[in-house]
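Within every chain, numbering begins at 1; the chains are lettered A, B, ... in the order of the sequence lines, protein sequences first and strands thereafter.
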Protein chains: 2
Amino acid sequence: MSTYALDPWTALGDPSRRQIFERIAERPRSVTELAELLPISRPAVSQHLRALREANLVTVRAVGTRRIHQVNPDGLRTLRNDLDSYWGGALANLKELAEQETQP
Amino acid sequence: MSTYALDPWTALGDPSRRQIFERIAERPRSVTELAELLPISRPAVSQHLRALREANLVTVRAVGTRRIHQVNPDGLRTLRNDLDSYWGGALANLKELAEQETQP
DNA sequence: ACGAACCGTAAGTTACCACTTACGGATATA
DNA sequence: TATATCCGTAAGTGGTAACTTACGGTTCGT
């Protein structure tokens with residue numbers, strides 16, 4: 001276990017990290033492959049992958065000298081739960097607004 | 001329409017902004033009320049609210065001298081769509097992994 | 001009309017973090 | 001064994017953005 005787990009929202013808050021994550025979501029990819037797709041260096045990708053790993057958004061498996069990264073459902077579950085609670089507030093607002101309009 | 005719309009992922013990437021958004025999701029609140037709930041100054045809250053507005057995550061309505069902010073479903077829809085596409089990749093990974101295990 | 005409450009923006013500072021280069025370890029290939 | 005590929009981390013730097021204080025505008029109450 002890592003000493004400090006990063007928040008998945010904060011992790012995906014960075015544009016480069018979001019690009020990396022989107023590529024991984026398409027299919028599992030190696031570090032070098034990701035670096036070739038992005039306008040940043042390979043070490044930068046490595047550092048971003050570490051953040052995504054600490055946020056439980058990706059997992060790794062070693063295949064030869066390459067490290068294949070793929071999406072981890074754990075972090076996605078956290079995001080979905082948070083998002084659902086946000087939706088609760090949004091719907092409550094719309095409901096209240098509708099009631100005010102129908103009965104002023 | 002604003003000249004430049006901020007990405008909702010980037011907007012919620014900031015911890016303070018996420019706290020503000022969570023409070024608004026509970027119920028619509030004024031700027032001063034939000035500032036009292038957070039460890040930052042009122043102008044800071046104002047700046048964060050602007051970012052959330054540009055990301056289509058909140059809307060405002062003036063009530064007297066106060067500006068009441070509430071959740072905007074538009075930004076939430078974007079987040080949900082992105083999240084769903086991420087889930088697609090995650091499920092595909094799990095499926096492929098299961099197939100490899102059952103038929104090596 | 002006057003003070004108070006509520007708020008947005010401008011300006012300036014500081015801390016952080018995204019990025020680079022440099023280096024070394026691990027594994028496959030010849 | 002030697003070489004190449006793939007990768008992580010350390011160290012250092014620059015830019016940015018999150019915050020503060022200061023100021024001025026708008027609306028409500030008296």
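- For the OP1/OP2 pair of C:dG8 and a distance below 4.0 Å, the side-chain nitrogens and oxygens of B:Arg67 include at least one atom meeting the criterion.
- Note: CZ (A:Arg42) to C1' (C:dG24) measures 12 Å, nearest angstrom.
- Between the P atom of C:dC6 and the CD atom of B:Glu33 lies a distance of 11 Å, rounded to the nearest Å.
- Using cut-offs of 30° and 60° for the angle between ring planes, the A:Tyr86 and A:Trp9 rings count as tilted.
- Atom pair A:His48:NE2 and C:dC17:P shows a separation of 12 Å (rounding to whole Å applied).
- A close approach under 4.0 Å does occur between a side-chain nitrogen or oxygen of A:Ser41 and OP1 or OP2 of C:dT20.
- For DNA chain D, the span of nucleotides reached by chain B at under 4.0 Å from its heavy atoms goes, 5' to 3', from D:dA18 to D:dC28.
- B:Ile68 has its CD1 atom 11 Å from the P atom of C:dG8, to the nearest Å.
- Annotation for B:Ser46 and B:Arg53: closest pair O-NH2, 4.3 Å, computed over non-hydrogen atoms.
- When each of A:Pro39 and A:Thr65 is assigned the nucleotide of DNA chain C with its nearest heavy atom, A:Pro39 is the one assigned upstream, toward the 5' end.
- Rounded to an integer number of Å, the gap from A:Leu52 CG to C:dC17 P is 15 Å.
- Remark: B:Arg18 engages A:Asp7 in a salt bridge, criterion side-chain N to carboxylate O under 4.0 Å.
- With B:Glu33 as the fixed residue, the salt bridge (Lys or Arg N to Asp or Glu O under 4.0 Å) test singles out one of B:Arg66, B:Arg67, B:Arg42, B:Arg27: B:Arg27.
- Regarding contacts with the backbone of C:dA18, a side-chain N or O of A:Arg17 is found under 4.0 angstrom from either OP1 or OP2.
- Closest non-hydrogen pair, A:Val58 versus A:Leu49, comes out as CG2-O, 4.2 Å.
- When atom types are taken as modelled, the side chain of B:Arg29 and the backbone of B:Leu34 share no donor-acceptor pair closer than 3.5 angstrom.
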